[in-house]
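Chain identifiers are assigned alphabetically (A, B, ...) following the order of the sequence lines, protein sequences preceding nucleic acid strands; residue numbering begins at 1 within each chain.
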Protein chains: 4
Amino acid sequence: MTPSPERRRELLSTAAEVFAAQGYNATTVRRIADEAGMLAGSLYYHFDSKESMVDEILSTFLNELWAGYDEVLGAGLGPRETVEALVTESFREIDRHRAAVAIYQKESQHLSTQPRFGYLTESRGRFERAWLGALERGVAEGVFRADLDIRLAYRFLRDTVWVAASWYRPGGLHSPEEIARQYLSMVLDGITPREEQARRDRTQRKTQRQTQRP
Amino acid sequence: MTPSPERRRELLSTAAEVFAAQGYNATTVRRIADEAGMLAGSLYYHFDSKESMVDEILSTFLNELWAGYDEVLGAGLGPRETVEALVTESFREIDRHRAAVAIYQKESQHLSTQPRFGYLTESRGRFERAWLGALERGVAEGVFRADLDIRLAYRFLRDTVWVAASWYRPGGLHSPEEIARQYLSMVLDGITPREEQARRDRTQRKTQRQTQRP
Amino acid sequence: MTPSPERRRELLSTAAEVFAAQGYNATTVRRIADEAGMLAGSLYYHFDSKESMVDEILSTFLNELWAGYDEVLGAGLGPRETVEALVTESFREIDRHRAAVAIYQKESQHLSTQPRFGYLTESRGRFERAWLGALERGVAEGVFRADLDIRLAYRFLRDTVWVAASWYRPGGLHSPEEIARQYLSMVLDGITPREEQARRDRTQRKTQRQTQRP
Amino acid sequence: MTPSPERRRELLSTAAEVFAAQGYNATTVRRIADEAGMLAGSLYYHFDSKESMVDEILSTFLNELWAGYDEVLGAGLGPRETVEALVTESFREIDRHRAAVAIYQKESQHLSTQPRFGYLTESRGRFERAWLGALERGVAEGVFRADLDIRLAYRFLRDTVWVAASWYRPGGLHSPEEIARQYLSMVLDGITPREEQARRDRTQRKTQRQTQRP
DNA sequence: GATGAATGAGGCTTCATTCAT
DNA sequence: TATGAATGAAGCCTCATTCAT
């Protein structure tokens, strides 16, 4: 049993595409085989099981992801720059592993109940620590607002980035870097223009003064 | 003397909980029956099929959702207030129909390929028009930034709100209104504090002057 | 448990109609109940089981049938008159018990494998003896042709009569007696007119003479 | 090295045998599989569903039947010869497709309510036109009696032939052609011998004269 | 007499997986 | 490497039947 690694990669790519489109459980091995131009049984020359396919898809993706993340986290950047780099890196991963990310989003909760997929839970933990760390440091250094619930902000950022995999199509209008730039712009500065923010601040101060009088 | 509709609602609630936790496909009818304290076959006294259960769960949810949305959209609010109200209403729906929302998130893409679930696609369309409309008006009136890709911003808002159903637990620390407030605060004003924004504006202007005068 | 016999008869009539139209196995108890304007479970106040319904339908029919047949068989008629009377009686039974006859036709082979329906096999035997007896006597007395396989002729007559239940509709154009007359006319004298028979006899005799003169 | 179509035919033959013996509805897929020496699920490698099995059994049979019938109908025979040829052809089909014919007899009414089996209804129509046509021509040309209800005669002939499938066993005492000869002899000339017919004619004429006198 | 709700057995079907070729 | 045919477990669903009310 020495299947060529190239064929494996092709087949995994096909499988990932189908898993992402239909969901892991709803995808039959036969469907993957159809897409790959072979019979269902033939896939078992290359893989032990359907489960081992998702496993390989997800772990490959997470390995690459953490290679990128670790580089960012080890670069000694400031909190804002760290967040910017993590977001950008994330969109790059979505660009490269769209299907895997989509699978991760939809199935990881369900899969992680099995021991075999323990690394999903583990990864989730590392993820949380990395982001929360950056956010906390940012608040401490005054580059992020202190009046926000930090765990809420974490979830906000995390979800906001990864769900993009559900609509992102590589080779579309925007490059991953451009999407990252826009996302960061919204998250960091908001969708309200500066002048409007200023106007609202003035109005609010006036209102407060009036309310404080009695 | 438990009249039918009440029992149905109980059973649907049970089913929704399991669907949300395990995914529609991974949920067996027997599991739902177990959870409801009956045998699998007995569910068919109340429902035609497993499919008709999700159907009823999702359509009930969407009906209530649109009742709320339509009220907001018909209230003649300004764009910013519309967005605020839609977000708040959404979190309220998540609070009331957490399981249904989670199912909607995970399964709607997959389900909507079937004619029976055509209303999911339709709802998605109405959804998009409502949000895009508010955003466009906002840009036109100067209360939203004009330099952002509006479709990107729409997806950002839409996903951001609904993914919350995957972690939200009713009766937790934050009320839906509180979560809405924090989300809106991030989305509208960003996570960067005013002073930091101002500082960065000054730095940037300086940098631009230096770069422009080579 | 003293259900009124009248209601029983009504319900049995309904059941027979459905069994005849859809087949015994394909008929659900619920369908019968629907047709009778009640719920499936309610039928069990009147009957022990679905099986006991067909049982009662078939045995009632066969009892009546044999009452009529026995009268004919005991009347001391000649063979031809016996056949005529049996056929006529049969069409009268079809007229009165159309559904039961149709059920008998379709299901008796299948049902008679169960001990409970042993009387079906028994009836079949009596039937065969009655008909074969009349045919044999008829051949012996020269009122039926001797050159025919008698068992074949028996099956021919038997089937020919009973299948009529599959298309007969009471209250149609023909009375049972009229149908019996036409059937008997075909079976006894054939569908070829006398003159044509005579013509063919002459032609054949000529042919034989020619063939005999090598 | 058994190519698929052959295995299919084997399995269909097994299935047809069981369907014919037990009835379509009363036959479980497991029973067929048992008879074929495999597990129930394995049948689905070869067929889509239990329904598609009967479908293929019946349509294959009807196709062959109509091939034979069309040849007869296109041969330009006289009405009597047409009837003789159709009957003979029918018994040959019963000989070759006994099980299929038995299924057709028992189930076609029930199955033909489903769109998928529309061809059963269609075939029934062609059937009727073919037979009625021959009978009508026969009456017009004086080779069939004019005093019989032609539709009744049609049903009589049709049923008479096909019910034979319920008792016919290939390889029995009589060849299909021999059975056809005997059936035709009964149908065309009746079971009453010529001399007896003549005697009865005389008696009847006498009786009529006596009755007309008073 | 009838209803509403459930049971439990069993039927059809799907599907991951195996294995000889 | 791949095919063709099968296995076996499990899933969804149906339905005769029961029973408290």
Side-chain angles (χ1 to χ4, degrees), chain A residues 1-4 7-8 11 24-33 36-53, chain B residues 1-4 6-8 11 25-33 36-53, chain C residues 1-4 7-8 11 24-33 36-53, chain D residues 1-4 6-8 11 25-33 36-53:
Chain A
M1 244 212 242
T2 27
S4 95
R7 191 86 178 92
R8 275 179 83 86
L11 292 173
Y24 173 69
N25 276 289
T27 297
T28 69
V29 155
R30 205 185 136 209
R31 179 67 205 282
I32 298 171
M38 50 170 58
L39 293 180
S42 310
L43 279 175
Y44 287 79
Y45 178 79
H46 301 276
F47 304 99
D48 284 346
S49 63
K50 184 182 165 185
E51 211 178 71
S52 78
M53 289 187 230
Chain B
M1 239 202 254
T2 19
S4 189
E6 218 170 293
R7 190 85 177 95
R8 276 179 85 87
L11 292 172
N25 277 289
T27 298
T28 69
V29 145
R30 210 190 128 213
R31 179 66 204 282
I32 298 172
M38 49 166 55
L39 292 178
S42 307
L43 281 173
Y44 290 79
Y45 180 76
H46 301 276
F47 304 100
D48 284 345
S49 62
K50 184 182 165 186
E51 210 178 74
S52 79
M53 290 188 227
Chain C
M1 242 212 243
T2 29
S4 95
R7 191 87 177 90
R8 277 178 82 87
L11 292 172
Y24 173 69
N25 276 289
T27 298
T28 70
V29 155
R30 206 186 135 208
R31 179 68 205 281
I32 298 171
M38 50 169 58
L39 293 180
S42 310
L43 279 175
Y44 286 78
Y45 178 79
H46 301 276
F47 304 99
D48 285 346
S49 62
K50 183 182 167 187
E51 212 178 70
S52 78
M53 288 187 231
Chain D
M1 239 200 256
T2 20
S4 190
E6 219 171 293
R7 190 85 177 97
R8 275 178 86 86
L11 293 172
N25 277 290
T27 298
T28 69
V29 144
R30 208 189 130 215
R31 179 67 204 282
I32 299 172
M38 49 167 54
L39 293 178
S42 307
L43 282 173
Y44 289 79
Y45 179 76
H46 301 276
F47 304 100
D48 284 344
S49 62
K50 184 182 165 186
E51 210 177 74
S52 80
M53 290 187 226

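Residue D/His46 contributes atom NE2, which lies 16 Å from atom C1' of E/dT14 at whole-angstrom precision. Taking atom CG of residue C/Leu39 and atom P of nucleotide E/dT3, one finds them 4 Å apart after rounding to whole Å. The OH-P distance, from B/Tyr45 to E/dG4, rounds to 6 Å in whole Å. Going from atom CG of B/Leu11 over to atom P of E/dA5 covers 10 Å, rounded to whole Å.
Residues forming a side chain to side chain contact (heavy atoms under 4.5 Å, CB included) with A/Thr28 (at least two apart in sequence, or on another chain): A/Arg30, A/Arg31. For the side chain to side chain contact (heavy atoms under 4.5 Å, CB included) test, residues two or more places apart in sequence or in another chain that qualify with C/Ser52 are C/Phe47, C/Asp48, C/Ser49, C/Arg116. In this structure, the side chain to side chain contact (heavy atoms under 4.5 Å, CB included) partners of D/Tyr44, at least two apart in sequence or on a different chain, are D/Val29.
Between D/His46 and D/Arg8, the shortest heavy-atom distance links the atoms O-NH1, 2.7 Å. The minimum heavy-atom distance between C/Lys50 and C/Asn25, with the atom names listed, is NZ-O, 3.8 Å. Between C/Leu39 and C/Ala33, the closest heavy-atom pair is C-CB, 3.5 Å.
Looking at which nucleotide of DNA chain E each of D/Phe47 and B/Leu43 is closest to, the 5′-most match is held by B/Leu43.
Residues C/Met53 and C/Tyr24 fail the side-chain proximity criterion, which asks for heavy atoms closer than 4.5 Å.
With values rounded to the nearest 0.5 angstrom, A/Tyr45 atom OH is found 11.5 Å from A/Arg7 atom CZ.
One finds a side-chain N or O of D/Arg7 lying less than 4.0 angstrom from the OP1 or OP2 phosphate oxygen of F/dA6.
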Writing each nucleotide of DNA chain E 5' to 3' as (, ), [, ], | or . by Watson-Crick or G-U pairing under 3.5 Å yields .||||||||||||||||||||

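Rounded to whole Å, the P atom of E/dG1 lies 23 Å from the corresponding atom of F/dT21.
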Between the protein and nucleotides 15-19 of chain F, which nitrogen or oxygen pairs come in under 3.5 angstrom?
residue	atom	partner	partner atom	Å
F/dA16	OP1	C/Thr27	O	3.3
F/dA16	OP1	C/Lys50	NZ	3.2
F/dA16	OP2	C/Val29	N	2.7
F/dT17	OP2	C/Tyr44	OH	2.5
F/dT17	OP2	C/Lys50	N	2.8
F/dT17	O5'	C/Tyr44	OH	3.3

